[in-house]
Amino acid sequence: MAKLEIITAPDPRLKQTCRPVERVDDAVRRLMDDMLETMYLATGIGLAAPQVGVLLRVIVVDVSKEGRESSPLKMANPKVVWRSDGLVRYEEGCLSVPDNFGEVERPERVRVGYLDRDGAAREDEFDGVLATCVQHEIDHLDGVLFVDHLSALKRNIIIRRLQKARRIKAAAE
Ligand code: NI
């Protein structure tokens with residue numbers, strides 16, 4: 001497995017609609033495995049392929065707490081096929097929007113269709129933080145970041161902070 005570079009906003013690759021996986025082959029499996037390792041090393045709970053610069057509909061998620069047995073999900077072409085009317089708010093962050101957080105309201109439960117690591121079609125229902133995380137990652141596949149769910153005011157504050165951080169980093173290099 002290999003550690004991949006995580007790209008951060010603002011970056012045009014994070015605003016693209018990703019193309020579907022045609023077949024879960026060895027290259028897709030390797031991408032899933034590398035993404036999961038990259039996510040663990042960055043102590044994230046989810047990662048979408050565009051965050052490593054690959055514009056394919058692939059996500060990985062693992063919300064298990066540290067010290068507990070991990071239960072990673074690796075999904076190709078994930079799609080929400082049912083969402084609850086009930087909504088829930090969580091404070092979200094993103095490895096591509098480092099050091100910034102915001103409360104986002106989303107359906108509390110979702111049912112998601114996807115292809116697993118073996119290419120088998122599956123459908124699973126998620127709730128709690130797992131439901132939020134899966135929806136956040138699927139958003140990435142359509143070029144949507146959690147900041148796009150915030151008010152324009154909050155979003156602009158975060159974007160300005162990211163641009164400033166980037167200028168400081170560029171000046172230090
Ligand atoms: Ni994210």
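Given the structure is predicted, the values throughout are model-derived calculations rather than measurements. In listed order, ligands and their atoms are each counted from 1. The analysis underlying the following values was restricted to heavy atoms, covering all of them including side chains, and did not include hydrogens, waters or symmetry mates.
- Asp26 and Arg29 are joined by a salt bridge, as a carboxylate oxygen and a charged side-chain nitrogen come within less than 4.0 angstrom of each other.
- With hydrogens and angles ignored, the 3.5 Å screen pairs a side-chain donor or acceptor of Ser96 with a backbone N or O of Ile7.
- Between Arg166 and Asp11 there is no salt bridge, since no side-chain N of the basic residue sits under 4.0 Å from a carboxylate O of the acidic one.
- Residues that satisfy the side-chain hydrogen bond (donor to acceptor under 3.5 Å, both in side chains) test with Arg109, not counting sequence neighbours, are Glu125.
- Near the Ni ion (ligand 1), less than 2.8 Å away, sit the protein N, O or S atoms Cys94 SG, His136 NE2, His140 NE2.
- With respect to the salt-bridge test (charged N to carboxylate O, under 4.0 angstrom), the residues Asp142 and Arg57 qualify.
- Checked for salt-bridge contact, Arg161 and Asp99 miss the test: no charged N lies under 4.0 Å from a carboxylate O.
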